[in-house]
Amino acid sequence: MTKSLNELSITEAASGLRAKEFTVRELWDACARVAQEKNPELNAYLELFEADGSAMAAAQERIDTEGNAAPLLCGIPLAIKDNILIEGHVASAASKMLSTYQAAYDATVITKLKQAGALFLGRTNMDEFAMGSSTENSAFGVSRNPHDPSRVPGGSSGGSASATAAHLAIAALGTDTGGSIRQPAAHCGLVGLKTTYGRVSRSGAIALGSSLDQIGPLAKSVADAKALYDLIKGADPLDATSIDETTYPLRAAKDTLVIGVPRHLLAEGVDADVRTAFEATLAALVEKGHTLVEVSLPTSGYALPVYYVIMPAEASTNLARYDGMRYGKAVRGATLLDDYLLSRSEGFGPETQRRILLGTFVLSSGYIDAYYRKADAARDVLTREYDDAFASCDVIAFPTTPSPAFKFGEKTDPVSMYLEDVFTVTANLTGMPAISVPMGTVMRDDVPLPTGIHFTAPKGAEDLLFQIGAAVTNETL
Ligand code: GLN
C-alpha cells in the first residue's frame, strides 16, 4: 500500500523530493489539505499558516540544484508548538494572557529550520504555558488523540503529537520541562526526544522552568527525531546555558548496549498491560544481543515531589513578567494593584494560577529552606544516583507512562494528573537526555492504544538513545 504524501516520514519525504517523485508544493498541499480537513475535529493546530510561496520555491530550487547535499529538512512541512516564537506569528502558549502576542523574532531553532529550508504549517495547541499532561489546560479547547478522539493526546505538547500522529504534519517540535514531549509521544505512538540540558538553545521558547526546559522533536521514526535533533542542536550566543558537542566526552560506539532496569520502580502503579508490553520489548532487545541489568534508584520515589517544588518555583518567577504592563493581556482597574490583579486573574487559567501560588509559597522567605532548598538538594542526590547507575549500564529503561492515554475529564484532581509524569521528570531534574519510542499497543474499549518505552542516557549521550530506539523500532540509522 503506498502512503499518501502527508503520511511520509522526514527521511521518506526527503528522498521522494530528491527523486522528483513529487514537488515541495505537492508535499505541502497534501499536509495542508488534510490539516484543514481534520483539524476541526482534532484541534491539533491553534492556527494554520498560509502557504509561503517564496520559501517553497527556494526549497524546491535548492533540492533541484544541490540534490543530496541539500539539508534533509529542506522543503519539509512541520508543526510548531505554540510556545516557540516564529517572527510575525502569534505565539500564545495557549494562554489568554498572550492570545494576541506576535513574536518579534525567531527562536533559534526556527532560524536553524528556516536556514535549512523547512516549512511551517502552523502552531499547535498545548496546555497553557506548557503546564499539564493532556491539553485540558489550554485556554483554547482540548486537542484529541487520533487513535481514539475520546482520549487525550497527552501534554503539554499534545497538539504537536496529535498533528504528527494524524499526519497533519510530517513532524513537529515540542518542549519538555517534565515530560511534555515524551508523554504525548507515548500516547500518540510517536518518537519523542528530550535532549541533554543545554544541547538545544532555549532562545525564543516561552520560558516555563528555565533549568528544566528543552525544545525537541516529536516524529514518526527514530531517524526523523535524529534528523531534527542534528539540525537544531548546538551552542547559541543567545542562550548562556547552551552547550556544544565538546562539553561531554564522546563515548566509543558499541554494537550492543547494557540496559539498566529499575524494577523496584515498576512494582506498583504501572498498568498490567503496559508492564507486559514493556517486558516484551525488553525481551526483543535481548534477542538482538543487548543485555539487561537490574539497577537501583532509591531516591526516584521523591522525583515527582521534587519536580513539583522546583518547577512551580521557576514557573512563578518566569510568569512574573506578565504583569499587564509590558505585554500580554492588560486589564485596567482603579489602582496599579488592581491592574496587576485583574490582568493576571483574567489572563491566567486555574492550573497556571495554582502553580504560581505553589511556586511563590515554596520560595517565600519563611519556607524556602523547608521546600525549595530541600528539593534542590534532592535533585543533586538524584543526579548522583543516576551517575552511579550508569557505571553498570549504558541506558536506563522504564515505561514512559504508567498507563495508556486516558479519557477527557478522567483526572480532575491535580495530583492524579501530576502522576502522569512520574517516570519522565527525572531526566529534566538531572539534565540527562531521554527518548520515548513506541512499544506496541494495549487494548482499551476495543481500541488499540499506543504505549512508549523510555530510555535515559548519561549527559551528552543522545547517540545511545538513537541506537537503542532504532533497535526497538527495527530501523537502521
Ligand atoms: N506534565 C508536566 C507538568 O505539568 C510536564 C510539563 C512539561 O514538560 N512542559 O509540569
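Counting starts at 1 for both ligands and their atoms, following the listed order.
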Cation-pi, Phe408 ring and Arg144 (6.0 angstrom, 45 degrees): yes
Would you find a donor on one side and an acceptor on the other, under 3.5 Å apart, between the side chain of Asp394 and the backbone of Ala457? no
For the CG atom of Leu208 and the CD atom of Glu314, what is their distance to the nearest 0.5 Å? 8.5 Å
Those protein residues which place at least one heavy atom below 4.0 Å from ligand 1: Ala130, Met131, Gly132, Ser133, Ser156, Asp176, Thr177, Gly178, Gly179, Ser180, Leu208, Tyr307, Tyr308, Met311, Arg355, Asp421
Please confirm whether Tyr101 and Tyr322 have ring centers closer than 6.0 angstrom. no
Return the minimal non-hydrogen interatomic distance between Arg379 and Thr383, and the atom names on each side. O-OG1, 2.8 Å
Determine whether the aromatic ring centres of Phe361 and Tyr371 lie less than 6.0 Å apart. yes
